[in-house]
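Each chain gets a letter, A, B and so on, in the order the sequences are listed, and its residues count up from 1. The structure presented is a predicted model; accordingly, all values stated were derived computationally and were not measured.
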Number of protein chains: 2
Amino acid sequence: MDKIPKTLRGTARREQLLRSAEKVFGEKGFAAASIAEITRDADTALGTFYIYFTSKEQVFRELVVEMGHLTRSVMSDAVTGAPDRLDAERRGLLAFLRFVADRPSLYRIVEQARFVDPEAYRDYFSSFAAAYRDQLRKAEAAGQIRPGDAEVRAWALMGIAKNLGDRFVLWEEHGDLEAIAEAAFDMIRDGLSP
Amino acid sequence: MDKIPKTLRGTARREQLLRSAEKVFGEKGFAAASIAEITRDADTALGTFYIYFTSKEQVFRELVVEMGHLTRSVMSDAVTGAPDRLDAERRGLLAFLRFVADRPSLYRIVEQARFVDPEAYRDYFSSFAAAYRDQLRKAEAAGQIRPGDAEVRAWALMGIAKNLGDRFVLWEEHGDLEAIAEAAFDMIRDGLSP
DNA sequence: GTCGAACATGAATGAGTATTCATGTCCTAT
DNA sequence: ATAGGACATGAATACTCATTCATGTTCGAC
């Protein structure tokens, strides 16, 4: 994250470029996106990009990191105040689906990081998963959930949220997210067993 | 899927190129992979590629389609003979993790299709999900699982498998896949509720 | 009102590589 | 043994960008 601007004007330009990069990367994908299109969208000259960023990869990484902060913040807010872990799961799942609906570009950028910047991708999910796992362990100790492998469960639960986000938010006119979250939560809470 | 060879020699070359493409796309990703590298790996000349394929995109799509057939076949084999749906879930999950361990390249290719060839990506998962959903409905009718939204459940369960595959197979020296599948299955069967 | 640091510009540079094509070689049918 | 379709070759073509840079412009401090 170099090239920090030193004036208000600079700060605004940089932010403008970041938002355009989010938009273009989200729409076209990293490879098909061009710096020229990003600067065009930001109403600025090609060369200006390199005043604020060192490379195409760097803006991308910065967006992934930004997404990490944002996701953690959104999820943390959503879950705060839940009476117990099960309710936190319900709230968290719905909040995630709504977040994907709100910022589909940022969500698609994270998924591209798998190939564009594998380290950033791993960091994003690993740090999220570590916190998730700890929450599950605490809930288990408090008797709020059945004992079980918290690491595996954390990744399984993240997988549910990701895949529902793909299918019911990115691929479809947003249906009833509450109903979808509720249906998934029903399985998370009680399982498939009759 | 054009350019079908008319001789044994041609068929072998095409297959050879397909395997090299799988390898190179899997290792480097679609964008970073070059036709030159694919033909080099296949011990053949650059131009030979275009005898068997019309474009870089086309081989890629063909690999995604191949992966679709393979996955369905592997999962179908794994689940055949299961006494009930819950057992089918257990077997299917383990089989999927082992499949990812066996063919990590093909698995990574499918994930790239999300951006390289979105239609192929959707087809892959949608056709899989449709079959999955039908199985769940049948099991529900037979009283083998609790009633619930089969479409949402199918996508949630696929999400679990995908994400565990990422974390415990692609990102890590393969640990005990049986233990991981069992831990996840425990939650799928009985949920988190104490 | 002027000086300098910060910022802006877009044409030019340079590297990479998908695709084509003119020229062979192989192999089988006759 | 030879014609002709199938296959093989890799240099040449034709783009597409990422990145640089020489030349302005802005704006606040003094």
Side-chain angles (χ1 to χ4, degrees), chain A residues 1-64 109 112-113 115-117, chain B residues 1-64 109 112-113 115-117:
Chain A
M1 187 149 35
D2 348 348
K3 302 206 173 183
I4 304 294
K6 299 180 177 166
T7 68
L8 255 182
R9 177 168 64 135
T11 305
R13 258 283 194 276
R14 192 178 202 280
E15 181 60 23
Q16 189 181 25
L17 282 165
L18 220 36
R19 296 284 68 82
S20 292
E22 172 186 341
K23 179 175 160 189
V24 176
F25 282 141
E27 280 169 2
K28 306 261 201 159
F30 180 82
S34 71
I35 305 298
E37 187 168 359
I38 292 170
T39 53
R40 200 181 317 128
D41 186 272
D43 288 313
T44 189
L46 222 198
T48 301
F49 178 89
Y50 290 93
I51 293 171
Y52 298 107
F53 306 99
T54 57
S55 70
K56 190 181 178 184
E57 277 76 12
Q58 191 226 317
V59 221
F60 186 84
R61 182 182 354 265
E62 192 162 330
L63 287 169
V64 174
I109 284 166
Q112 295 197 63
F115 303 101
V116 175
D117 191 336
Chain B
M1 189 153 30
D2 348 351
K3 302 206 171 181
I4 304 295
K6 298 179 177 166
T7 68
L8 255 182
R9 179 168 64 133
T11 305
R13 255 292 191 273
R14 192 177 202 281
E15 181 60 23
Q16 190 181 23
L17 282 166
L18 220 37
R19 297 284 68 80
S20 292
E22 172 186 341
K23 180 175 159 189
V24 176
F25 282 140
E27 283 169 1
K28 306 262 201 158
F30 181 82
S34 72
I35 305 299
E37 188 168 0
I38 292 171
T39 53
R40 197 180 320 127
D41 187 89
D43 288 314
T44 189
L46 221 200
T48 302
F49 178 88
Y50 290 92
I51 294 170
Y52 298 106
F53 306 98
T54 57
S55 71
K56 190 181 177 184
E57 276 76 13
Q58 192 226 317
V59 221
F60 186 83
R61 179 177 2 260
E62 192 162 329
L63 286 169
V64 174
I109 284 166
Q112 296 201 59
F115 304 101
V116 175
D117 190 336

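Note on A:T7: every side-chain N or O is 4.0 Å or more away from OP1 and OP2 of D:dG28. For C:dT20, the OP1/OP2 oxygens have no side-chain nitrogen or oxygen of B:Y50 closer than 4.0 Å. OP1 or OP2 of D:dT9 sits under 4.0 Å from a side-chain N or O of B:T48. Here A:S34 does not reach the OP1 or OP2 of D:dT16: none of its side-chain N or O atoms lies under 4.0 Å away.
Among the atoms of the strands shown, none is found under 4.0 Å from any heavy atom of B:A12. As judged by a 4.0 angstrom heavy-atom cut-off over every strand, A:Y52 is placed among residues touching the sugar-phosphate backbone only.
Nearest nucleotide to the side chain of B:R9, out of D:dC7, C:dC7, D:dC17: D:dC7. Of all nucleotides listed (D:dG10, D:dA18, C:dT9), C:dT9 comes nearest to the side chain of A:T44. Looking at the side chain of A:K56, the nearest of the listed nucleotides C:dA8, D:dA18, C:dT19 is D:dA18. With C:dT9, C:dG10, C:dT19 as the choices, the nucleotide that has an atom nearest any side-chain atom of B:E57 turns out to be C:dT19.
Protein atom CG of A:L8 is 12 Å distant from nucleotide atom C1' of D:dC27, rounded to whole Å. In this structure, the NZ atom of B:K3 is 13 Å from the C1' atom of D:dA6, given to the nearest Å. Put simply, CD1 on A:I35 is 11 Å from P on D:dT20, counting in whole angstrom units. A:Q16 places its CD atom 12 Å from the C1' atom of C:dA8, with the value rounded to the nearest Å. Atom CD1 of A:I51 is separated from atom C1' of D:dC21 by 12 Å (rounded to the nearest Å).
Using a 4.0 Å cut-off between charged nitrogen and carboxylate oxygen, B:K23 and B:E27 do not count as a salt-bridge pair. With salt bridges taken as basic N to acidic carboxylate O contacts below 4.0 Å, one links A:R19 and A:E15. Using a 4.0 Å cut-off between a side-chain N of Lys or Arg and a carboxylate O of Asp or Glu, B:K3 and B:E62 do not qualify as a salt bridge.
Here B:D41 contributes atom CG and B:E22 contributes atom CD; the two are 11.0 Å apart, rounded to the nearest 0.5 Å.
Between A:S55 and B:R13, the residue anchored nearer the 5' end of DNA chain D, judged by the nucleotide with its closest heavy atom, is B:R13.
The aromatic rings of B:F30 and B:F25 sit parallel, their planes meeting at an angle under 30°, below the 60° perpendicular limit.
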